[in-house]
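Structure first, commentary second.
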Amino acid sequence: MNPQIRNPMKAMDPGTFYFQFKNLWEANNRNETWLCFTVEVIKQRSTVSWETGVFRNQVDLETHCHAERCFLSWFCEDILSPNTDYQVTWYTSWSPCLDCAGEVAEFLARHNNVMLTIYTARLYYSQYPNYQQGLRSLSEKGVSVKIMDYEDFKYCWEKFVYDDGEPFKPWKGLKTSFRFLKRRLREILQ
DNA sequence: ATTTTCAAT
C-alpha cells in the first residue's frame, strides 16, 4: 500500500523549533522528527528554482511514516524529473534510522541526478552499530552528513520558522553539544 | 559526558 502523499508545511512554530531541534544530550521526549528541506533545481549548472518546506513524521492509526519517507514520496510525486539535476538539503532534528538510511541510499543509487546533504541536530540511536552503519551507507553513497552548527540553526530559524521578526536565540550549551556530536559522527563515519 | 530516541504504556 502506498503511503499517502502529503504536501509539506511552509514553516513551523517557534516553540516547536526550539523544542524539537535543541541539540542537548539531556533533551529527551523528542518523540517526533522534523525535516526542513530546500530543493534546488539545477539546469545547465545554475539554480533555476527553489522549493522549501517542512515535513514531520506522520503517525496514523495504521501507518507510521518517517519524515524522510514523507519527503521522498512528495519529491518523487511532485518534483522529480529525469532530465533535471537537484541539490537537496535536509535539516533534521533526528538523523535517519537504519531503514530510512537504506531507503535513501537506494533512492540515490537509482537517481544520479539527485545530490543530498543532511544536517542533523541530533544523532538517532547512535550507540547502536546498525544505526551507525546506516549513516555510513549514506556517506558511502555520496551523501554529505553533518551536524547542525549555530549557523545552520540560525538559517533554519530564518527560513522555516514563523519567527515574527524575532532573531534566533541560541540555547546554552549549543556549541558544546555540536562539538561533541561532530566528533561522534566523525568516529562513526571513519 | 551521552540519552530512550520518527511511542507506547
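Lettering follows sequence order; numbering is per chain, from 1.
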Qualifying salt bridge (charged side-chain N to carboxylate O under 4.0 Å, His left out) pairs, either residue in residues 7-24 of chain A, two or more places apart: none
side-chain hydrogen bond (donor to acceptor under 3.5 Å, both in side chains) partners for A:E40, two or more places apart: A:T47
Look at the side-chain N and O atoms of A:Y125 and state whether any lies under 4.0 Å from the OP1 or OP2 oxygen of B:dT3. no
Hey, can you pull the residues of residues 127-144 of chain A with a non-hydrogen atom under 4.0 angstrom from DNA chain B? A:Q127, A:Y128
Where along residues 16-31 of chain A does a heavy atom fall under 4.0 Å from DNA chain B? A:W25, A:N28, A:N29, A:R30, A:N31
Ignoring hydrogens, what is the shortest heavy-atom contact between A:R122 and A:N23? Give both atom names and the distance. CG-CA, 3.9 Å
Between A:F21 and A:F153, what is the ring plane arrangement, given parallel below 30°, perpendicular above 60°, and tilted in between? perpendicular
What residues form a salt bridge (charged side-chain N to carboxylate O under 4.0 Å, His left out) with A:K172, not counting sequence neighbours? none
side-chain hydrogen bond (donor to acceptor under 3.5 Å, both in side chains) involving A:R183 - partner list, sequence neighbours excluded: none
Would you kindly check whether a donor in the side chain of A:E68 faces an acceptor in the base of B:dC6, or vice versa, at under 3.5 angstrom? yes
Distance in angstrom units between A:R56 CZ and B:dT5 P, rounded: 15 Å
Report the relative orientation of the aromatic rings in A:Y91 and A:Y155; use parallel for angles under 30°, tilted for 30 to 60°, perpendicular for over 60°. tilted
Should the ring pair A:Y150 and A:F168 be called parallel, tilted or perpendicular, given that the plane angle runs from 0 to 90° and is split at 30 and 60? tilted
